[in-house]
2 protein chains.
Amino acid sequence: MANIHQVAKHAGVSVATVSRVLNGQDTVTPKTRIKVEAAIKQFNYEPSMLGRNLRNSESRLLLVLIPKISNPFYSEIINGIETTAIKNGYNIILCETDSKPERENIYFDLVRNKMTDGIISMDPAVNVESLTKLAESYSIIQCSEYVVDSGIPYVTIDNEEAAYKAVKHLLKIGHSKIALMNSDERYLYARQRELGYRKALKEQNIVVNEDWIYYTQELGFENGQQAMRKILMQDEKPTAVFAVSDLLAIGALKELNSRGLKVPEEMALIGFDKIEFSNMTQPTLTTVAQPMYKMGTVAANMLINKIKGEYVDNVILDHELVIRESTLG
Amino acid sequence: MANIHQVAKHAGVSVATVSRVLNGQDTVTPKTRIKVEAAIKQFNYEPSMLGRNLRNSESRLLLVLIPKISNPFYSEIINGIETTAIKNGYNIILCETDSKPERENIYFDLVRNKMTDGIISMDPAVNVESLTKLAESYSIIQCSEYVVDSGIPYVTIDNEEAAYKAVKHLLKIGHSKIALMNSDERYLYARQRELGYRKALKEQNIVVNEDWIYYTQELGFENGQQAMRKILMQDEKPTAVFAVSDLLAIGALKELNSRGLKVPEEMALIGFDKIEFSNMTQPTLTTVAQPMYKMGTVAANMLINKIKGEYVDNVILDHELVIRESTLG
DNA sequence: TATAAAGTTGAAAGCGGTTACATAATCGGA
DNA sequence: TCCGATTATGTAACCGCTTTCAACTTTATA
């Protein structure tokens, strides 16, 4: 493959001139520009990003750290990130951390090594100290999940309020025995949504039954199924369940369906995220919609601005309770 | 951030020696090695990949082109690719083509620009000529979907055989009026699976009813729903449907469920891919399992070998018909 | 002890671009 | 027509690393 020298030689100009043509600078005479462009075309020349990036000490790559690629919640965010990145001349390199610190650490090296210009982290709970230290020297944005008081900018929604509204809705349609199907407490969103759950109940002077709060290790269908199984084994059963993820809710629904329990009549159900699947279930799932795509675009823009050296503020996006069949009065 | 010169200066050695230590060469005296390592630690030095890659003219990045990130079928493949890449000291840069040639072309530049060392393409139908031309100069592997006779190595399954088996199963449990819910004919897998469908019917001397073959533009739930709606509008209705994707099948199932039609009693249903969600539906979905993760690892290994300059052969992986409730006799 | 062989280290040339600075070419006005 | 101002182009340093080759040390051998 040709390099800039060959093009320059063939066009009868210096490499500087070729570089100027390449970068669309206006200090080049139309005549020479045409000569250079002809040589470029003839050689089928493509400038090497490796050389350019080294000189400019930037990679034009954004590192996106995502806990689990199979969770549709994240795919939508990634979509938003990628589109925005491309629009700004960046590409994304996507890495799945599986919520494992050791894996995350490997990826952190990519920014230390100048392989990427910045990081969007969606699972910073993993490596709080490393991350905050890293953020002192590099551009980092937190998306959806974040470390409180870390000083690292984040974009997210008001999880407590969202959970509050969801439970409130259950109360409004007549439920008072409401279980919480939570994920792991190490996640901020889990703690925040639990707060919202407790707040809504407390407001109605309902004492929280601690036996009705379930924690799952991961966010998978099976975890939801299992949790629902446990709920159904209780002596006193709730009449409604608020799950902090559609994946859990769908698993729970599966369990209810296969036992022939009617939803919402015998058990109402609310999920979280509004992933596409949530509208394909029988019955369709009431859920809290997060603006996933938007969140991705915002995160990407924040990161790009941060890389430019601008000051970046936290962003709280709107959410919306989407009422569907699983909570029909 | 420190560079190799500062480290060298501080350690009282040349940059060459630091580089040798960095790359674990054995021609360095333990004494100097210790000096250098101390300096590295003291400066918190991390070698720049930009410099290293330029010198080595490699990027240690693999480009993965995927039509739609939200399709769980691809997420699993990506998983396999990423794990294998990491294991071999590569990272992946993931790009969604949305099956759009113009978008794909942008990404092709990444390899022309030396930004990535090779490509795994999952949607090569888009840009056949560009791709084959590109493959002359760069390392490319096709995964799942491929261009016949392009000479570009691929890993896939036997789609015709898989479809044949699926339809055969429907025949065996007594169906003879079987519709095909296909995706777009521009996809090879679509054509191959249709062949399998036709073959199975022909074998039983059943004349294919062309009105029972549906093509959808995209692979989404809505497309499946719509197709099923059309099927149900027919005067003579089939009693079973073979869909070439779980997403279509799930959409179709949704339509059947919401009309109160019993599956499999009034309409049997088979999907394709065995995405996780296919086991969450009511009833659960019979489907053809593809070894997605495996396919990803194989594709990544093939690409890495290709980059190394080795000869790489095509691979056909196994598939398996998973019989579940939607086709219970 | 002298000398060849083996083992360490350093100097410097790239890898492929960008850009500050110097120089050459062009232009306008007296 | 000539000269200074402006504009176009070239020269060369540099980005941060790897690696060849030469030079220098050490070790083994006679």
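Order of the sequence lines fixes the chain letters, A, B, ..., with proteins taken first and strands second; residue numbering starts at 1 for each chain.
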Nearest to the Arg52(B) side chain among dT18(C), dT18(D), dT9(D), which nucleotide is it?
dT18(D)
What is the distance from NE2 of His5(A) to C1' of dA13(D), rounded to the nearest Å?
12 Å
Nearest-0.5 Å distance that lies between atom OH in Tyr74(B) and atom CD1 in Ile81(B):
11.0 Å
Side-chain (Glu145(A)) to main-chain (Tyr189(A)) donor-acceptor, under 3.5 angstrom
yes
Looking for any heavy atom pair under 4.0 Å, which part of the strands does Leu54(A) touch: base, sugar-phosphate only, or nothing?
base
Does any donor atom in the side chain of Glu58(B) or Asn53(B) lie under 3.5 Å from an acceptor atom in the other side chain?
no
Counting only heavy atoms not in Gln217(A), do more than 12 sit closer than 6.0 Å to its CD atom?
no
Between dG16(C) atom C1' and Arg112(B) atom CZ, what is the distance in whole Å?
19 Å
Could you tell me whether Asn23(B) contacts a base, only the sugar-phosphate backbone, or nothing, with contacts defined as non-hydrogen atoms closer than 4.0 Å?
sugar-phosphate
Short N/O separations, protein against nucleotides 10-12 of chain C, under 3.5 angstrom:
unit_1  : atom_1 : unit_2   : atom_2 : d
dG10(C) : OP2    : Ser14(B) : N      : 2.9
dG10(C) : OP2    : Ser14(B) : OG     : 3.2
dG10(C) : OP2    : Thr17(B) : OG1    : 2.6
dG10(C) : N7     : Arg20(B) : NH1    : 3.4
dG10(C) : O6     : Arg20(B) : NH2    : 2.6

Distance check needed: dT7(D) P versus Arg33(A) CZ, whole Å only.
16 Å
Whole-Å distance, Gln25(B) CD to dC17(D) P, equals 15 Å
With heavy atoms under 4.0 Å as the rule, sort Asn53(B) into base, sugar-phosphate or nothing.
nothing
Let me know the distance between NZ of Lys31(A) and P of dT7(D), rounded to the nearest Å.
18 Å
Can you confirm whether the side chains of Tyr187(B) and Arg191(B) place a donor and an acceptor under 3.5 Å from each other?
no
How close do Ala300(B) and Thr84(B) get, counting heavy atoms only, and between which atoms?
CB-CB, 3.6 Å
Counting side-chain heavy atoms from C-beta on, which of dT9(D), dT9(C), dC17(D) comes nearest to Val28(A)?
dT9(D)
Check: Arg55(B) side chain, dG14(C) base, donor-acceptor under 3.5 Å
yes
Taking OP1 and OP2 of dA8(D), is either one under 4.0 Å from a side-chain nitrogen or oxygen of Thr32(A)?
no
Identify which nucleotide among dA8(D), dG16(D), dT9(C) has an atom closest to any side-chain atom of Thr27(A), counting heavy atoms from C-beta outward.
dA8(D)
So, Ser139(A) side chain and Gly118(A) main chain: donor-acceptor pair closer than 3.5 Å or not?
no
Nearest whole angstrom, please: distance from the P of dG16(D) to the CE of Met49(A).
19 Å
Short side-chain N/O contact to dT19(C) OP1/OP2 from Ser19(A), under 4.0 Å
no
Rounded to whole angstrom units, what separation is found between the OH atom of Tyr45(A) and the C1' atom of dG16(C)?
7 Å
Rounding to a whole Å, what distance do you find between Arg60(A):CZ and dG17(C):P?
17 Å
Give a yes or no on whether a salt bridge exists between Lys68(A) and Asp98(A), defined as a side-chain N under 4.0 angstrom from a carboxylate O.
yes
DNA chain C: Asn56(B) or Asp26(B), which has the more 5' nearest nucleotide?
Asp26(B)
